[in-house]
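First up is the structure itself, then whatever we jot down about it.
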Amino acid sequence: MKIQTLRRSILIGSLLMMTGCGFKMRGPVVLPYKTIYISGGMTQDLKLTLSRLLKTSLNTVEVTRPDTAELFLNITETPAKQILTYNQAGQITGYRLVEQVKFSVNQKDGEELIPQSDIYLTRDMDFSNTTVLATDAQQQQFFSLMRKDLAIQILRRLSAAAKAPRTKSF
């Protein structure tokens, strides 16, 4: 019985410490727009990830026709793989995976909400000639995780820009 009581005390103490320090999990993205249109040159993986994240949004839906959108997100994605290291025999032993995204966001009236912006992610990956298939699967997994991170960053920036006060220039 004493062990159960100790476990409960530790659990309750941990929860109280987490709430006391201001820890809060991020919830869904909240945008003050009803519809968004996504266009540009991107992989299907990034497009699907963005669509999935928007489906969890509380009030914004992705539309397939630009004339029905309040917000326009234009994305250009450039994935790349660079040689990182060689061994003494001159064989490749490591790669650097690169995901670069340029994006901009405009409102329906043409006002620029987010000017052309860049997000640049890299992951280093070991490589071995004896495990080529496993390395390929790992590479695909790295790219998929990087695209998920990119999609989250884009929507978070969009949410922050939408909340920012607007200044009009004369």
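Index from 1, following the sequence.
Applying the salt bridge (charged side-chain N to carboxylate O under 4.0 Å, His left out) criterion to D118, with sequence neighbours excluded, gives K102. R96 pairs by the salt bridge (charged side-chain N to carboxylate O under 4.0 Å, His left out) definition with D124, not counting sequence neighbours. Under the ring pair (Phe, Tyr, Trp, His ring centres under 6.0 Å) criterion, Y37 pairs with no residue at all, not counting sequence neighbours. Residues passing the side-chain hydrogen bond (donor to acceptor under 3.5 Å, both in side chains) test with Q139 are K81, sequence neighbours excluded. In this structure, D126 has no salt bridge (charged side-chain N to carboxylate O under 4.0 Å, His left out) partners at least two apart in sequence or on a different chain.
With rounding to the nearest 0.5 Å, the separation of OH in Y120 from CG in L150 is 12.0 Å. In this structure, CD1 on I152 lies 14.5 Å from CZ on R147, to the nearest 0.5 angstrom.
For T43 against P79, the heavy-atom pair with the smallest separation is CG2-CG, 4.5 Å. The two residues L97 and M146 make their nearest non-hydrogen contact at O-CE, 3.7 Å.
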Just list the side-chain donor-acceptor pairs under 3.5 Å for residues 82-89, sequence neighbours left out, or say none.
from, atom 1, to, atom 2, distance (Å)
T85, OG1, T93, OG1, 2.8
T85, OG1, G94, N, 3.2
N87, OD1, A89, N, 3.0
N87, OD1, G90, N, 3.1
N87, OD1, Q91, N, 2.8
N87, ND2, Q91, OE1, 3.2

Side-chain donor-acceptor contacts of residues 68-75 below 3.5 Å, not counting sequence neighbours, with atom names and distances?
from, atom 1, to, atom 2, distance (Å)
T68, OG1, R65, O, 2.8
E70, OE2, K34, N, 3.0

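The shortest distance between side-chain heavy atoms of L54 and V61 does not fall below 4.5 Å. For the pair V101 and T76, the minimum side-chain heavy-atom distance is 4.5 Å or more. In this structure the side chain of Q107 never reaches within 4.5 angstrom of the side chain of E112, judged on heavy atoms.
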> So I114 and F103, side chain to side chain contact (heavy atoms under 4.5 Å, CB included) or not? Walk me through it.
Replying inline: CA-CA 8 Å; I114 299 177; F103 71 99; 4.0 Å; yes
>> Go through it in stages, so that I can follow the logic: the residues are D149 and L121, the test is side chain to side chain contact (heavy atoms under 4.5 Å, CB included), and I'd like the CA-CA distance, side-chain angles, deciding distance and then a yes or no.
In response: CA-CA 9 Å; D149 189 21; L121 297 178; 3.7 Å; yes
>> Please determine whether side chain to side chain contact (heavy atoms under 4.5 Å, CB included) holds for the pair I119 and Q100, giving the CA-CA distance in whole Å, both sets of side-chain angles, and the decisive distance to 0.1 Å.
In response: CA-CA 6 Å; I119 301 176; Q100 182 177 7; over 6 Å; no
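For Q140, the CD atom sits in a packed shell: over 12 heavy atoms of surrounding residues, nucleotides or ligands are nearer than 6.0 Å.
Using a 4.5 Å cut-off between side-chain heavy atoms of Ile, Leu, Val, Met, Phe, Trp and Tyr, with links allowed through other members, M125 and I92 fall into the same hydrophobic cluster.
Side-chain polar atoms of R157 and S117 form no donor-acceptor pair below 3.5 angstrom.
Distance alone, capped at 3.5 Å, is enough to place a donor-acceptor pair between the T60 side chain and the Y33 backbone. S159 places no side-chain N or O within donor-acceptor distance of the main-chain N or O of L155, the cut-off being under 3.5 Å.
The stretch residues 48-62 participates, sequence neighbours left out, in these salt bridge (charged side-chain N to carboxylate O under 4.0 Å, His left out) pairs: K47-E62.
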